[in-house]
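Working notes, beginning with the structure itself.
Order of the sequence lines sets the chain letters (A, B, ...), proteins ahead of strands, with each chain counted from 1. Because the structure is predicted, anything quoted here is derived from the model rather than measured.
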Amino acid sequence: MRRFSTSRIGAAIVASLFALPACTTQAKDSPYFGKVEAPQGQVLRYISGSEPESLDPHVSTGQPEARIYLALFEGLTDYHPVTGQTIPAIAERWEANADNTEFTFYLRHNAKWSNGDAITARDFVWSVRRGLSPALASRSAYLAYYIQGAKEYNEGKARAEDVGVVAVDDYTVRIRLATPVPYLATLVSHQMFKLVPRKAIEAHGDAWTEPQNIVTCGPFKVKVRRPYDRLIVVRDPNYWDAAAVKLDEITFYPVEDQMTQMNLYKAGEVDAVYNHTVPYAWVDEMRHLKDYMDKPENAIEYYMLNTKKAPTNDIRVRRAFNMAIDKNALAVYRRVVKPLTAFTPEGIFPGYPQPTGDAFDPPRAKQLLADAGYRDAAGTYDPSKFPVSEMEISYNTTEANRQTAEFVQAQWKQNLQLTVPIKNIEWKTFLDSRAKLQYKGAARAGWVGDYMDPYTFLDLFSTEFGDNGTGWSPPEFVAMLREANTAHDPAKRYALLARAEAFLLAAQPVIPLYTAATDWLKKPYVKGMYANPLTLHPWKFVYIEHDRSKWDLDDPPASTN
Amino acid sequence: MTAPVAVEPEVVGTSLWKDAWRRLRRNRLAMFGLVVVIVITLASVIGPPIIHGLTGFTYDYIPSDSSLIKSFPPFTAPDGSFSWIHPMGTDIAGRDILARVLLGGRISLMVGVISTLVSLIIGITFGATAGYLGGKIDEVMMRIVDVLYAIPYMMIVIVLLAFFGGQSPLGQLFLLFAALGAVSWLTMARIVRGQVISLKNQEFILAARATGVSATKIIFRHLVPNTLGPVIVYATLTIPSVMLLESFLSFLGLGVQAPLASWGSLSADGVLNIALFPWQLICPGVTMAITLFSLNFLGDGLRDALDPQMRKG
Amino acid sequence: MLRFILRRLLITIPMVLVVVSVTWGLIRLAPGNFYTGEKPIPPAIEKNIRERYGLDKPWYVQYGRMISNTLHGDFGISLKYQGEPVNRILKNALPVSATIGVLAYLLALAVGIVSGTLAALRQNSNLDYTSMAAAMIGISLPNFVLGPTLVLFLSLTWYVLPPALWGGPRHLILPVITLSGVYMAYIARLARSGMLEVLRSNYIRTARAKGLAERHVLIRHALRGGLLPVVSFSGPALAFLLTGTVVVEKIFALPGLGNYFINANLNRDEPLIIGIVAFISIVVLIFNLMVDIAYGFIDPRVRY
């Protein structure tokens, strides 16, 4: 910096800015990040991500909304606060028939709406029909397509009464499925299957989510809603398990900017934040703090390859580009992730025999490219023959995506001597070019599982939903998935799914990159809030511990009756 | 900052510029600014290959040894001892910040100067014409400016990219200049018009008109030179704002593509890590600030040197 | 003068229609829809969505509905924030942006004009250099750097001010300072150069020659002409400040118009974009009109 000292003013700025590190060192002595002062009473302040699209669980599909719906609405089942697996909610128990095509759910008798009305099996039937109705045009409706008659009703080809969900009696629901769905119990935890109030919706139409109209069925109910500012929910005494609910109030702040989230957290203005909020550049410094919540996620990050356009329409090229990325180094670089060679997240589904894809192997990658015709007269790999201008790494603009793309580009440059241009694109434009297969080479993709089953990932490549962004979707693969789902024995089903996944990896329409990690923060006085693979927290387990001596103890295991 | 030269110098005559240069040379602060700008420009152009030759680092080189992929403070070797290898430290990917700052200089200087020139040319021509002609024509021209103010700039950029996005890097750069120039001339036009309106009824213009000088000549020979003071000042204000706008546009996918960087994008990245790795903000930020300071001193000097009132006196 | 104002007010309506029409066209041309997401949705669901929001109708029907909405001043329901009327969003978000914007501009005007004028009066003095150097720091320190730096010291080190969120007066301080920084610097520089220009002009020389008190010369004569550049800068600047500034609203998580507007663009939320754009264009037109009127008052040489 010496050459700047000619300018006195410049020197002054330099001096004052270099004084910054001094004020951060004191934080390093503390085992916590920033201010630690528990709020008065049982009140939680949480940053939930983007502004919720709606308080109507059938309408919005996103994660920020899902976190809020967990406070306001319940479905038949819910997520376990530690593992993310299925726990009972409005349904006390359930059973499936031999081939997983018919499920019976037994509802608890004491469940009530926030206005005191009883929740019955008919409420669930009405909710599912409403979610599927063409007039509502729910984007998540496809999740219910497995139910008999559901797809036809949603497409306007059948009546609501034809949907295979029936109330056997006041507290028994039977769901008949069009195809076997062994994971139905976990699927119905999704917001698409949450119960919504028939009376309020019929009375107020789209305005039913206004604070003065809304009727909810979760542990909390709406108190204040100020869009882009905050949503305050309070404990609902009518909730069936109200005695177990520990918090009196939760405030959800819709804050999108990463730095602002961290600032609010550090200043003690909020008590916890959602996942992927800690900048990965900080992770080395944060990991030793007690605030840091780290766990593998039910989510993967990968690059799609355009299998319809040269040069990536050649499988040898696709495999070569996959083998030329050192995924272990990528994981080190990204700090918060685990390397991934397969298409399902690693270590999330107990008992799933996950296949492994090709390992990092630059010499073989070069050989494959030489085999594909990019070689000189002597037959060895020649990078100048490769049409590198026909390749690109395109991604939607975020800091993390850019850093991954820069890393992959450096890897290909160092291992294949190819400089593939990077291109960042605004989100909707990016989605459009990806869906229409207009991109060249590779496009960034990521998927967060809708439910706790490998099928939520493999399903991305079934033909059901039109184009998947790669142009690869052979009927054999779809048939393999179907076959797996007909298997009643979970182990056999997992084996069949793993076979399908191996088939997918062999064709390499994607380059798997990593299994994401939760990467979020909570203050030590927030208890009962665990790092789970979904980062969805059933709020009734959460509480504020005012006894300082218990802050550093591990959270007690959640009892989920 | 040779911006005003672009406005038909041959009409203005050579003696003005010779005069101006003489005056400028006497202004120490302005000459200091000129020297710094030249030094930083030169460093940006020839610096990156020199660094590559000396240390092996380039703006996009990520070390293959993953223990080196981390932020090192300035003048620090991986083992913590003093070293010249990274005078500005490294970023989170272990890339040399000096190399990136110098590369960013190329881009930011180009963006700043070219876009400001574009905005000067359009803004002066448009504003002076509207102000001088007045009446219906002025009315229509200024309402066009108003409409352009109100149309959402973001949508324009998104659509521009959708139609011309699949460009070569050079094409992308042109698109960037077009997009930056397109916004920054609006205020310039309003400022020039305001000046021209207040000048056009003064004696020297009336005299010129009475002797039958053509409108074009009056505008560019008599009116524009008299508005140069505020225009140069506004132009020196435009340079930083386009440099910063560029880093916003890269968010929409316009602008330089990673791993290339500009001072704006380097500062924006550095801001996030301000508490942990302050050099990642300070190094690009201070380099940019020094450049803008110097450009500004130069601009002030130019303003004084070109001031017609001073020439008379 | 009155006829001039009336004519300009009348012309506002067709101009707003031009602005919303162009914007509407741009939204159509932009790739993607409000409902496109990471996972492609089945065609049947897409059809349902298009029917529900009237996107299946021919373009002229949709265009007509948009124009009619605009003329009635009721922009319909947001596509992204389902059930939220655009008018209610505007009503809630505007006071936030306007409060911050107006306060920031007043602060910028006060500091900018005083320091710019003083600098011009003492040209090439230490005062001149110091205030212009301070102004340059203001300009070269973008608000995305200034804001976080202030937060780092005041909110995260000394814990004296909240780092973000919308609340009482204490929440206003940091955003207002952050926002006014650049404008302060602009105004100081514009005021200085405008004053320098005027102070050398003949009529000031005349006024001085007549033996008028320096203070009188300055306030009655010089300031009027010298602030013209500041006035023409103020119209669009204030219009932009009133209608929200994305960066500051993001850094401080404020529920203002700027935040809504940038997300509406990224989400292709047509009714919300149109509503905000119509509002912005009215504000821009009115402020520019006020600037033009102010010209007439400040500078008697200006004629219409």
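- The environment of C:Arg122 atom CZ is sparse: at most 12 non-hydrogen atoms of other residues, nucleotides or ligands sit within 6.0 angstrom.
- With a threshold of 4.5 angstrom between heavy atoms, B:Leu186 does not approach chain C through any atom at all.
- Chain B forms the most heavy-atom pairs under 4.5 Å with one residue out of C:Leu141, C:Val247, C:Val277, and that residue is C:Val277.
- A distance of 12.5 Å separates CG in B:Leu148 from OG in C:Ser281, rounded to the nearest 0.5 Å.
- At a 4.5 Å heavy-atom cutoff, the contact between C:Val18 and chain B is made by side-chain atoms alone.
- When each of B:Ile191, B:Thr187, B:Leu292, B:Thr291 is checked for heavy-atom pairs under 4.5 Å with chain C, B:Leu292 comes out on top.
- Here C:Arg268 contributes atom CZ and B:Met155 contributes atom CE; the two are 5.0 Å apart, rounded to the nearest 0.5 Å.
- When all heavy atoms of B:Val271 and C:Phe144 are compared, the closest pair comes out as CG2-O, 3.4 Å.
- Using a 4.5 Å heavy-atom cutoff, the side chains of B:Phe163 and C:Pro31 are not in contact.
- Looking at B:Met154 and C:Leu266, their side chains come closer than 4.5 Å, going by heavy atoms from C-beta outward.
- Within a 6.0 Å radius of CG in B:Leu206, other residues, nucleotides and ligands contribute more than 12 heavy atoms.
- Between B:Asn296 and C:Met132 there is no side-chain heavy-atom pair separated by less than 4.5 Å.
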Requested in this report: Determine, step by step, whether C:Leu285 and B:Tyr149 satisfy the side chain to side chain contact (heavy atoms under 4.5 Å, CB included) criterion, reporting the C-alpha distance in whole Å, the side-chain angles of both residues, the deciding distance to 0.1 Å, and the verdict.
Outcome: CA-CA 9 Å; C:Leu285 291 172; B:Tyr149 263 123; over 6 Å; no
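- The two atoms that bring B:Val159 and C:Ala30 nearest to each other are CG2-N, 3.8 Å, heavy atoms only.
- At least one side-chain heavy atom of B:Phe293 sits under 4.5 Å from a side-chain heavy atom of C:Ile137.
- With rounding to the nearest 0.5 angstrom, the CZ atom of C:Arg7 is 5.0 Å from the CD atom of B:Glu139.
- Between chain B and the options C:Thr23, C:Ile280, C:Leu29, C:Asn265, the largest number of non-hydrogen pairs under 4.5 Å is found for C:Asn265.
- Distance CG/B:Asp146 to CD1/C:Ile286: 11.5 Å, rounded to 0.5 Å.
- The part of B:Met288 that comes within reach of chain C is its side chain, from C-beta onward, which places non-hydrogen atoms under 4.5 angstrom from that chain.
- In this structure, C:Leu289 CG and B:Met142 CE are separated by 13.0 Å, a value rounded to the nearest 0.5 Å.
- Contacts between B:Ser267 and chain C at a heavy-atom distance below 4.5 Å involve backbone atoms as well as side-chain atoms.
- Both the backbone and the side chain of C:Ile262 come within contact range of chain B, judged by heavy atoms closer than 4.5 Å.
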